[in-house]
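In what follows, every heavy atom counts, from backbone to side chain, and hydrogens, waters and symmetry copies are set aside.
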Amino acid sequence: MTPPPAVNVKALHDALDAARVEADLSWRQLAKELGVSASTVSRMAQGLKPDVAVFAAMTTWLRMPAEAFYITNTPGDPNTPEPELVASLTPLLRARRDLSETDVEYLQEVIGAAARRFKAERKS
């Protein structure tokens, strides 16, 4: 049986940090916008997982799907394939307010072409 996905706390914290800087907010101001204590956000910097309600508030504020922060691979299992790069990056690109739909599509094409090239070079 496949284990349930876990939350990549570092990726979530990094996304919050990037969005916080973009919005010119302090960590305390961000916590207030999220409706959580500043210590909750601080504990995440140390790798502690938020509860479900806090996780939902954070992903909603980021305007990103919760799945963008799931870890589904079993750590250290070489047989577990990595998700497609473009599929992993698309939620992050779409969450950007400074990118139009055309910008997102262009970046998907560029990143996809680079990923295909890297894959082809590894095979040869």
Practice task
Report the residues that fulfil side chain to side chain donor-acceptor pair (under 3.5 Å) with E121, sequence neighbours left out, ordered by chain and then residue number.
Solution key: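 Side chain to side chain donor-acceptor pair (under 3.5 Å) check on E121 returns R117.
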
Problem - side chain to side chain donor-acceptor pair (under 3.5 Å) against S37, all qualifying residues, sequence neighbours excluded - result: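 Counting only residues at least two positions away or on another chain, S37 forms a side chain to side chain donor-acceptor pair (under 3.5 Å) with S39, T40.
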
Separation between [atom1] of [X] and [atom2] of [Y], rounded to the nearest 0.5 Å:
X    : Y    : atom1 : atom2 : result
L107 : L89  : CG    : CG    : 9.5 Å
M58  : E33  : CE    : CD    : 12.5 Å
R116 : F118 : CZ    : CZ    : 11.5 Å
D14  : N8   : CG    : CG    : 8.5 Å

Nearest non-hydrogen partners of [X] and [Y], listed with the distance:
X    : Y    : result
L93  : V104 : O-CG2, 3.7 Å
A66  : T59  : CA-CG2, 3.9 Å
L62  : A15  : CD2-O, 3.6 Å
D103 : D98  : OD2-O, 4.1 Å

[Y] side chain reached by [X] side chain, heavy atoms, under 4.5 Å:
X    : Y    : result
L12  : P50  : yes
R122 : K119 : yes
R97  : E22  : no

Practice task
Please check if atom CZ in R63 has more than 12 non-hydrogen atoms from other residues, nucleotides or ligands closer than 6.0 Å.
Solution key: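 Count over threshold, so yes.
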
Handout entry: CG/D24: more than 12 non-hydrogen atoms of other groups inside 6.0 Å
Key =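 Not more than 12 within 6.0 Å, no.
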
Exercise for the section: Ignoring hydrogens and angles, tell me if any N or O in the side chain of T60 forms a donor-acceptor pair with the backbone of A56 under 3.5 Å. Expected result: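 Such a contact is found between T60 side chain and A56 backbone.
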
Handout entry: Counterpart residues, salt bridge (Lys or Arg N to Asp or Glu O under 4.0 Å), relative to R43 (two or more places apart)
Key =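 If we apply the salt bridge (Lys or Arg N to Asp or Glu O under 4.0 Å) test to R43, skipping adjacent residues, there are no hits.
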
Exercise for the section: Sequence neighbours left out, what passes side-chain contact (heavy atoms from CB on, under 4.5 Å) with K49? Give chain and number order. Expected result: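 A6, V9.
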
Practice task
Check which hydrophobic residues are tied to Y106 through side-chain heavy-atom contacts below 4.5 Å, counting indirect links as well, and list them.
Solution key: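 Joined to Y106, directly or through intermediates: V110.
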
Handout entry: Contact list for residues 20-61, test ring pair (Phe, Tyr, Trp, His ring centres under 6.0 Å), sequence neighbours left out
Key =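 Qualifying pairs, neighbours excluded: H13-W27.
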
